[in-house]
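The structure appears right after this line, and notes come after that.
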Amino acid sequence: MNDIIKEIEDAQLKKEVPQFSVGDTVRVYGKIKEGNRERIQVFEGIVMKRQGGGVRETFTVRKTSNGVGVEKTWPLHSPSVENVQVIRHGKVRRAKLNYLRGRVGKRAKVKELVK
């Protein structure tokens with residue numbers, strides 16, 4: 001039974017997944033369906049967490065829009081996620097950046113990782 005499930009899940013995986021981690025600033029190109037039309041909407045923010053594995057892997061992106069914090073969780077291998085573009089890499093020491101929820105302005109920034 002497990003072999004059948006694994007086979008189905010492997011067929012759902014995307015071939016090319018961008019390399020990004022927690023703390024990175026990313027631009028997510030998500031497909032939005034409005035009626036019978038489909039368009040791409042861009043959501044740019046800091047990756048707060050990545051969780052799960054395989055076909056169930058998700059990542060959460062947070063941005064502030066008009067002074068209000070907005071978080072969206074995206075399935076990594078979903079067909080509704082067109083592309084994930086990494087803008088900059090962040091230097092963090094945590095796996096989940098939940099502390100950013102209580103911060104506003106400059107305090108909500110993440111240092112850039114310089115290589």
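For the atom pair NZ (K72) and CD (Q41), the distance works out to 5.5 Å, reported to the nearest 0.5 Å. For the atom pair NZ of K109 and OG1 of T25, the computed distance is 10.5 Å after rounding to the nearest 0.5 Å. Between atom NZ of residue K96 and atom CD of residue Q51 there is a gap of 5.5 Å, rounded to the nearest 0.5 Å.
V47 and L97 make their closest contact through O-CD1, 3.7 Å (heavy atoms, listed as atom of the first residue, atom of the second, distance). Across R88 and K111, no two heavy atoms sit closer than the pair NH2-C, 3.9 Å. Of all heavy-atom pairs between L76 and K14, the closest is O-NZ, 3.7 Å. Considering every non-hydrogen atom in both V70 and S65, the closest pair reads CG2-CB, 4.2 Å.
A continuous path of Ile, Leu, Val, Met, Phe, Trp and Tyr side chains, each step under 4.5 Å between heavy atoms, connects V84 with V17, placing both in one hydrophobic cluster. In this structure, V81 is a member of the same hydrophobic cluster as V26, with clusters built from ILVMFWY side-chain heavy atoms closer than 4.5 Å. Note on I87 and V42: separate hydrophobic clusters, where clusters join Ile, Leu, Val, Met, Phe, Trp and Tyr whose side-chain heavy atoms are under 4.5 Å apart, directly or indirectly. Under the 4.5 Å side-chain heavy-atom criterion for Ile, Leu, Val, Met, Phe, Trp and Tyr, V86 and I46 are members of distinct hydrophobic clusters.
Using a 4.0 Å cut-off between charged side-chain N and carboxylate O, K63 and E44 make no salt bridge.
The main-chain N or O of S21 is found under 3.5 Å from a side-chain atom of D24 such that the two form a donor-acceptor pair.
A 6.0 Å sphere centred on CD of E38 holds more than 12 heavy atoms belonging to other residues, nucleotides or ligands. Atom CD of Q19 is surrounded by 12 or fewer heavy atoms from other residues, nucleotides or ligands within 6.0 Å.
You'll find the side chain of L100 reaches within 4.5 Å of the side chain of V110, heavy atoms only. Inter-residue side-chain proximity for H77 and Q12 is flagged as unmet; no heavy-atom pair is nearer than 4.5 Å.
Exactly one of N98, V22, T73 qualifies for a side-chain contact (heavy atoms from CB on, under 4.5 Å) with M48. That residue is N98. Each of R101, K106, R107 was checked for a side-chain contact (heavy atoms from CB on, under 4.5 Å) with R103, and the lone residue meeting it is R107.
F59 and F20 have perpendicular rings, their planes meeting at more than 60° on a 0 to 90° scale where under 30° would count as parallel.
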